Amino acid sequence: VNVRIVERFVSKLPPSDMHPYRTGAWRPNLVEYDATDLDVVAGEIPKDLEGVYLRNTENPLFEAIDGRYHPFDGDGMLHAIHFHEGKADYKNRFVRTQGLAAELELGQAIWAGILESPERSERDGWGARTRMKDASSTDVVVHAGVALTSFYQCGDLYRLDPRTMEQLGPADWGGRFPKDVGVSAHTKVDERTGELLFFNYGKQAPYMHYGVVSPKGELVHYVPIPLPGPRLPHDMAFTENFSILSDFPIYWDPARLEENQHRARFFKETPSRFAVIPRRGTTEDIQWFEADPTYVLHYANAYEDGDEIVLDGYHQGDPLHELRPGESPITLFMRSLDMHELKTRLHRWRFNRKTGTTKEEVLDDACTEFPTINGAVAGRRHRYVYSAVGEPGFFLFSGLVRYDLEGGGRQEYRFPKGVFCSESPMAPRTHARGEDDGYLVTFVTDMNRDVSECQIFDASAIDRGPIGRVALPERISSGTHAHWASAAALVG
Ligand SMILES: [Fe+2]
């Protein structure tokens, strides 16, 4: 391996930090590396694994403005590994957001985090809640050959070259980027058409928009999705002909919002609602479907099946937690990030476009989340879903699950205790001959050995464990969303 240090940063976090999401497996990284010809410590890198695995990370440098850091506040850091001809290179970079630049210049936090009052922000800012830093730390996709990082509260989409990690600045979309609201995390790439689908949300009517970006990177469609009030959606889905947006009964309590307090409530009696809109449809074309009250962080995929739209995603059995008598706010905070507390289960909704009715079913009783599929079948009927198993009590992943939704099989791999993986997208092998013909790729944080690795699994046999393990220059923080871009997708 050849390792070059690109830049070192200085942490302004407390010296004896105790925060559970800034220590241990979430300890932020301060060094940016370029590493080539990474050491393979076990197995091998398959020669038909060609492309880039990217993972975004909340990687804070400054103490929160009121000392109440939430792991979704941290500055975005991208970790990227590139595979070619059985070899691997690694680079990591902070996403050079305008917010990070301003805080680096001042040497302290300027904006309040999600657990803090927006009034404490020293400057105006971004986000559906408003006055937050756009940390661009939630999600990453590759569209038109360019990596786009995004922020769950809406913001700019920051562009980076997925190979070189060169910072290309915010997306402009031919001058039509919706600067007033920004764009939510979980933009969707349709590999078949090359389009990028997205939504945004905020506190002003119509409260949501949906849009389409052409394969060339120009905004070509942008329509209101009118909602009854401000909502907190996180993900969307699409089929070959339709897009699906959501309105869940968890949102800021309207009475408290009038006092500028952002306190989410679960309105248990209010149905969940799903908007089905033709890909280039107008507001008038929206067909709404009602379903069991819940909240969904992540969808796996959707597809059309005759008159029905089939949507797979993670239904939450217990989506919002309130302070129990005698409970400390820290305990509540920890519970709110635990998929076992949220009871996230793989779920299937069927929306019948003829009758307007919804059917739904639980696909697995186990609590898993962060679903991925082979991107080549996005929007079309999928058979396999690969998800992460949560470490009880934490926002950490301690295993992987492969669901065969047609054959009914279920494979599982558990990492050794103290070893945590990332969201693990499916990477089809070059000239793949089927949906399951490829690999799962993940970054691993190993607290036992104080190292990180990239691990490669056979997507058709994940229970056999990694078939290749590649050493990274240092132990990296756990993170959030990841993306696989095949060599063909890097060309743009
Ligand atoms: Fe997400």
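Values below: all heavy atoms of this structure, side chains included; hydrogens, waters and symmetry mates excluded. Everything quoted here is computed from the prediction, not taken from an experiment. Order of listing sets the numbers, starting from 1, for every ligand and every atom in it.
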Enquirer: Would you call Arg345 and Asp364 a salt bridge, taking side-chain N to carboxylate O under 4.0 Å as the test?
Expert: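 Asp364 and Arg345: not salt-bridged.
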Enquirer: Quick one: list whatever passes salt bridge (Lys or Arg N to Asp or Glu O under 4.0 Å) with Arg279, sequence neighbours left out.
Expert: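 With neighbours one apart ignored, the set is Asp190, Glu195.
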Enquirer: Quick one: does NZ or CZ of Arg231 land under 6.0 Å from the six-membered ring centre of Tyr251, within 45 degrees of the ring axis?
Expert: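 Yes, Arg231 lies over the aromatic ring of Tyr251.
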Enquirer: Only protein N/O/S atoms count here: give how many lie under 2.8 Å from the Fe ion (ligand 1).
Expert: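 For the Fe ion (ligand 1), the figure is 4.
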Enquirer: Using the test side-chain hydrogen bond (donor to acceptor under 3.5 Å, both in side chains), find all partners of Tyr33 that sit at least two apart in sequence or belong to another chain.
Expert: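 Tyr33: side-chain hydrogen bond (donor to acceptor under 3.5 Å, both in side chains) contacts with Glu474.
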Enquirer: Any salt bridge between Asp436 and Arg402, counting N to O under 4.0 Å?
Expert: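 So Asp436 pairs with Arg402 through a salt bridge.
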Enquirer: For Tyr403, give me all partners under ring-ring contact (aromatic ring centres under 6.0 Å, His included), at least two apart in sequence or on another chain.
Expert: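 Tyr403 satisfies ring-ring contact (aromatic ring centres under 6.0 Å, His included) with no residue once adjacent residues are dropped.
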